Amino acid sequence: QVQLVESGGGLVQAGGSLRLSCAASGRTFSAYTMGWFRQVPGKNREFVTKISWSGGSTYYADSVKGRFTISRDNAKNTVYLQMNSLKPEDTAVYYCAAARNRVLLTTSPEYWGQGTQVTVSS
């Protein structure tokens, strides 16, 4: 069992920045591919980004490329999402996720955090 807890959400103006954190506990954090999803009311949960266990490989959805950066600190059991140049369309609940391989992370993560709200005003 892996427990994930997100933090860092809030209200920001368009063009601003936020940094989300996801603290993990339970199993060995470094053994998992980690990522972020987001969801708005009435829509499916959307994949945002993922990072390999070593931190050496990352992947981003087209909608956030060039604006968001995922990173991880295995010594702290924490993954981060730096969000720059935020747009109103980025408004959503952001969820941290974990899986034992990179394919599962994108398609069906094994573990989810509770979510943190990000609201971008125009």
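Remember, predicted model here, so these are calculated numbers, not experimental data. FYI, the numbering just counts along the sequence from 1.
Salt-bridge formation is not detected for the pair Lys87/Asp90: no Lys NZ or Arg NE/NH1/NH2 atom is positioned less than 4.0 Å from an Asp or Glu carboxylate oxygen.
Side-chain heavy atoms closer than 4.5 Å link hydrophobic residues (I, L, V, M, F, W, Y) into clusters, and following such links, even through other members, never connects Leu105 to Tyr94. Tracing side-chain contacts under 4.5 Å through hydrophobic residues (I, L, V, M, F, W, Y), one reaches Ile70 starting from Leu86; they form part of the same cluster. Hydrophobic clustering of Ile, Leu, Val, Met, Phe, Trp and Tyr side chains at less than 4.5 Å, counting indirect connections, unites Val93 with Phe37. Linking ILVMFWY residues whenever their side-chain heavy atoms come closer than 4.5 Å, directly or via other members, places Ile51 and Tyr111 in the same cluster.
Scored by the salt bridge (charged side-chain N to carboxylate O under 4.0 Å, His left out) test, Glu46 finds Arg38 as partners (sequence neighbours excluded).
Enclosure of atom CZ in Arg102 is not indicated, since only 12 or fewer non-hydrogen atoms of other residues, nucleotides or ligands lie within 6.0 angstrom. Within a 6.0 Å radius of CZ in Arg100, other residues, nucleotides and ligands contribute 12 heavy atoms or fewer. No more than 12 heavy atoms of other residues, nucleotides or ligands shown are found within 6.0 angstrom of CH2 on Trp53.
With a 4.5 Å cut-off on side-chain heavy atoms, Gln114 and Glu6 count as touching. Put simply, the side chain of Trp36 reaches to within 4.5 Å of the side chain of Cys96, judged on heavy atoms.
When atom types are taken as modelled, the side chain of Thr91 and the backbone of Val120 share a donor-acceptor pair closer than 3.5 angstrom.
No option in Asp73, Leu20, Thr69 other than Asp73 meets the side-chain contact (heavy atoms from CB on, under 4.5 Å) test with Tyr80.
Using bins of under 30°, 30° to 60° and over 60° for the plane-to-plane angle, the ring pair Trp112/Tyr95 lands in the perpendicular bin.
Shortest non-hydrogen contact noted between Ser85 and Ser17 is N-OG, 4.4 Å.
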